[in-house]
Amino acid sequence: MKRLLQLILLVAAATIPMLAQQQPRFRVLAFYSEKVEHDHVDFAHDAIRFYRAAGEQDHFTFATTTNWEDMNAAKLADYDLVVWLNDFPHTPAQRSAFEQYMEHGGGWLGFHIAAYNDRGTKWPWYVSFLGGGVFYGNNWPPLPATLIVDDPSHPAMQHVPKSFVSPANEWYNWKPSPRENKDVKVLLTLAPSNYPIGMKDVIKGGDLPVTWTNTRYRMLYTNIGHGDRIFTSDVQNRMLEDMILWVGPQKTPK
Ligand code: ZN
């Protein structure tokens, strides 16, 4: 009997660390839409491939859905992080579920058009969540741009140089700039040397934060996310991986 007990303890000692290793560091649910602007669908498909591969290496799960009705309390309770790749919730029930999730410690990573809002959006909580900026304009066509890192010590920025060229993207302008909000920490900014940027639609100047966090929430937004060129830069890829590793692992209260 004593030997059996010893055997059980030995097996347990060997198995428990293995089980611990197999636990994902965090669980992601990524929402996207197939029936939106073609370039935004391309980005979503590329991002899913990229983050699935990153998840295998960095030990997080990356589930995806095109059904925005999955934005409900029961479903979100299983995930530490919600990602919006190319759209945002449009019904009051989906929006309310997301608000509750974020107000209770849920995580969010949003790309590009996920933060789009104008007079027609009619979701004041979301504008405040993003830091107050309303979509004001964009360049066209998509173009590469030099970006400046605002805080090189931030974990999401730790592996990129202070300035680098980001592949072709459609860059959004916001009014007011989210930087004016004291709760917002800007991590990445379009370098003034890019101006004027665009041909058909031109951004001539101004403060253009590209990536930021509203420190009142566990969230990170980046304007990067238009078209099929986004994941062509090793430098930027590392940053996009670091971004999800920073915002993802914190615990979500159930
Ligand atoms: Zn776009």
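Keep in mind that the numbers below use all heavy atoms, side chains included, and drop hydrogens, waters and symmetry copies. Counting starts at 1 for both ligands and their atoms, in listed order.
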Which N, O or S atom name in His226 marks its closest approach to the Zn ion (ligand 1)?
ND1
Could you tell me whether Asp151 and Lys185 have a side-chain N and a carboxylate O separated by less than 4.0 Å?
yes
Shortest-distance N, O or S atom of Glu170 relative to the Zn ion (ligand 1):
OE1
For a quick test of reading the model, state the closest non-hydrogen atom pair linking Asp78 to Arg27 and the distance between them.
O-CD, 3.5 Å
Rounded to 10°, the NE2/His40 to the Zn ion (ligand 1) to NE2/His112 angle comes out at 100°
Measure from the Zn ion (ligand 1) to each N, O or S atom of Glu37 and report whether any distance is below 2.8 Å.
no
Kindly confirm or rule out a cation-pi arrangement of Lys204 over Tyr195, judged by NZ or CZ under 6.0 Å from the six-membered ring centre and within 45° of its axis?
no
Evaluate the criterion salt bridge (Lys or Arg N to Asp or Glu O under 4.0 Å) for residue pair Arg179 and Asp150; output intermediate values, then yes/no.
CA-CA 11 Å; Arg179 198 189 308 273; Asp150 290 80; 3.1 Å; yes
